[in-house]
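Here the structure comes first, spelled out in structure tokens, and everything after it is commentary.
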Amino acid sequence: METMNWLPEHSAALQDLRARGLSYSEIADTINATFNTAYTRNAALSRAQRMGLVGLESLEPSLPELPRIGRLREGRAELTPDLLNGPKIFTEAILKPRRGRY
């Protein structure tokens, strides 16, 4: 792998393009087109890290923040005997004696 030394002009362009909000892939493409270089996305990212441009502010959460669910007992409904027995139609059919043949 060939190591590339970043010229001060390239580093300044990287800093300016990052401040504009471009991705590291777009930064590498722009610098390559401007200065006729062959930097990759990873080279631009690594240089930005060495320059101290990459920090926690550049990390975006992959999922939106979900509301916290409280303890289970706080929102639990009381189980009354009516709820435990099931629908009334089924309990009446079981409890009534059958008349006639089986």
Side-chain angles (χ1 to χ4, degrees):
M1 179 185 305
E2 183 180 336
T3 59
M4 301 184 93
N5 293 325
W6 283 70
L7 296 176
E9 298 85 24
H10 301 178
S11 298
L14 176 112
Q15 187 171 9
D16 178 52
L17 295 170
R18 187 61 193 152
R20 293 183 189 182
L22 271 66
S23 70
Y24 289 106
S25 179
E26 294 169 331
I27 291 171
D29 291 342
T30 303
I31 292 174
N32 290 337
T34 305
F35 297 105
N36 196 24
T37 56
Y39 294 124
T40 63
R41 174 198 167 273
N42 286 338
L45 177 61
S46 297
R47 180 61 182 158
Q49 287 174 337
R50 289 190 302 273
M51 292 172 63
L53 300 177
V54 179
L56 295 176
E57 71 278 350
S58 67
L59 299 177
E60 297 178 14
S62 58
L63 295 176
E65 186 68 30
L66 299 176
R68 303 280 295 167
I69 298 175
R71 294 185 61 146
L72 192 58
R73 292 181 183 244
E74 293 173 4
R76 182 183 287 179
E78 292 288 325
L79 291 178
T80 62
D82 292 337
L83 291 174
L84 293 175
N85 289 334
K88 193 173 186 179
I89 190 170
F90 296 119
T91 57
E92 288 178 359
I94 294 172
L95 297 177
K96 289 184 181 179
R98 294 183 78 181
R99 295 184 187 167
R101 295 186 189 177
Y102 288 102

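The residues of the chain are indexed from 1 along the displayed sequence.
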Next item on the list: Find the distance between OG (S46) and CZ (R41) and round it off to the nearest 0.5 Å.
Entry: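 So the OG of S46 and the CZ of R41 are separated by 9.0 Å.
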Note to self: Please give me the minimum heavy-atom distance between L7 and Y39, naming the atom from each residue.
What the structure shows: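 Shortest heavy-atom separation between L7 and Y39 comes out as N-OH, 4.3 Å.
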Checking [X] now: which residues fulfil side chain to side chain contact (heavy atoms under 4.5 Å, CB included) with it, not counting sequence neighbours?
X   : answer
S11 : W6, R47, M51
A13 : I31, F35
L22 : L17, R20, E26, I27, T30

Notebook entry, point to check: Counting N and O atoms only, with roles assigned by atom type, does the side chain of D16 sit under 3.5 Å from a partner on the main chain of A12, one being a donor and the other an acceptor?
Noted result: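 Checking the backbone N and O of A12 against the side chain of D16, no donor-acceptor pair under 3.5 Å is found.
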Check: Can you list the steps and then say if D29 with Y24 is a side-chain contact (heavy atoms from CB on, under 4.5 Å)?
Finding: CA-CA 9 Å; D29 291 342; Y24 289 106; over 6 Å; no
Checklist line | Heavy-atom check, side chain of L53 versus side chain of L14, under 4.5 Å | finding: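 With C-beta onward as the side chain, the pair touches.
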